[in-house]
Amino acid sequence: MVELTPGSGVYLYQHDIDYVQRVRDPSAQGTAAYGKRIAKLLMNIFFTKKDFPDCKLSPNAKGHLVLDETVTSAIINFSAQKSCATKGAIRQAMASKLSSARTKSKKIVQHS
């Protein structure tokens, strides 16, 4: 197991790190989009997709569960180190992933 960022206490397997960093086009590596992609893939590794509709990143999220802040911070820091994306942009991409999951779950409930 490898620590995602030094001192974070968040660990995963090396093959998972290799997976999230894999790109088809080497010129895309290090771009802001690359950093956001890494963050969203890491979310899939550390969290269960079925929990996404009920979760938010902010501890001020009323009526929602909050994803583990230690893990989300490690994801943000790792993604920022591997790309030119700002931590704010990465956090926004992660929040967007959760919001999208909420929207999709509402559509499924409405069609049932």
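Note that the structure is a prediction, hence the values are computed from the model and not measured.
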Compile the donor-acceptor pairs under 3.5 Å between side chains in residues 4-12 and protein atoms, sequence neighbours left out, one pair per line.
unit_1 : atom_1 : unit_2 : atom_2 : d
Thr5   : OG1    : Ser8   : OG     : 3.4
Ser8   : OG     : Thr5   : O      : 2.8
Ser8   : OG     : Val10  : N      : 3.2

d(Ile76 CD1, Leu42 CG) to nearest 0.5 Å is 11.0 Å
Closest non-hydrogen contact found for Cys84 with Ala32 is SG-N, 3.4 Å
Heavy-atom closest pair (Ser79 atom, Ile38 atom, distance to 0.1 Å) is OG-CG2, 3.5 Å
Verify, without hydrogens or angle tests, whether Arg102 (side chain) and Cys55 (backbone) share a donor-acceptor contact under 3.5 angstrom.
yes
Give the intermediate values and the outcome of side chain to side chain donor-acceptor pair (under 3.5 Å) for residues Asp18 and Gln14. CA-CA 6 Å; Asp18 296 340; Gln14 182 63 49; 2.9 Å; yes
Rounded to the nearest 0.5 Å, the CD1 atom of Ile90 sits from the CZ atom of Phe78 at a distance of 10.5 Å
Rounded to the nearest 0.5 angstrom, the NE2-CG distance for His64 and Leu98 is 10.0 Å
* To do: Establish whether Phe47 and Val66 are linked, either directly or via other cluster members, by ILVMFWY side-chain heavy-atom contacts under 4.5 Å.
  => no
CG of Asp25 to OH of Tyr34, rounded to nearest 0.5 Å, is 11.5 Å
Practice task
Please confirm whether the backbone N or O of Val20 pairs with a side-chain atom of Arg37, one donor and one acceptor, at under 3.5 Å?
Solution key: yes
**Request:** Find out if a path of hydrophobic residues (ILVMFWY) with successive side-chain heavy-atom gaps under 4.5 Å connects Tyr13 to Leu41.
**Result:** no
- Can you get from Leu65 to Phe46 by hopping between Ile, Leu, Val, Met, Phe, Trp and Tyr side chains that sit under 4.5 Å apart? no
dist Ser83:OG -> Lys36:NZ (nearest 0.5 Å) comes out at 9.0 Å
Distance col, row Leu57:CG vs Ile75:CD1, nearest 0.5 angstrom, shows 9.0 Å
Open item on the list: Within the structure provided, determine whether Phe52 and Lys104 are in side-chain contact (heavy-atom separation under 4.5 Å).
Closed with: no
#### Entry: Pair Leu67-Met43, side chain to side chain contact (heavy atoms under 4.5 Å, CB included): steps then yes or no
CA-CA 10 Å; Leu67 293 179; Met43 287 176 74; 4.1 Å; yes
Looking only at atom types and distance, does a side-chain atom of Ser100 sit under 3.5 Å from a main-chain N or O of Lys97, one as donor and one as acceptor? no
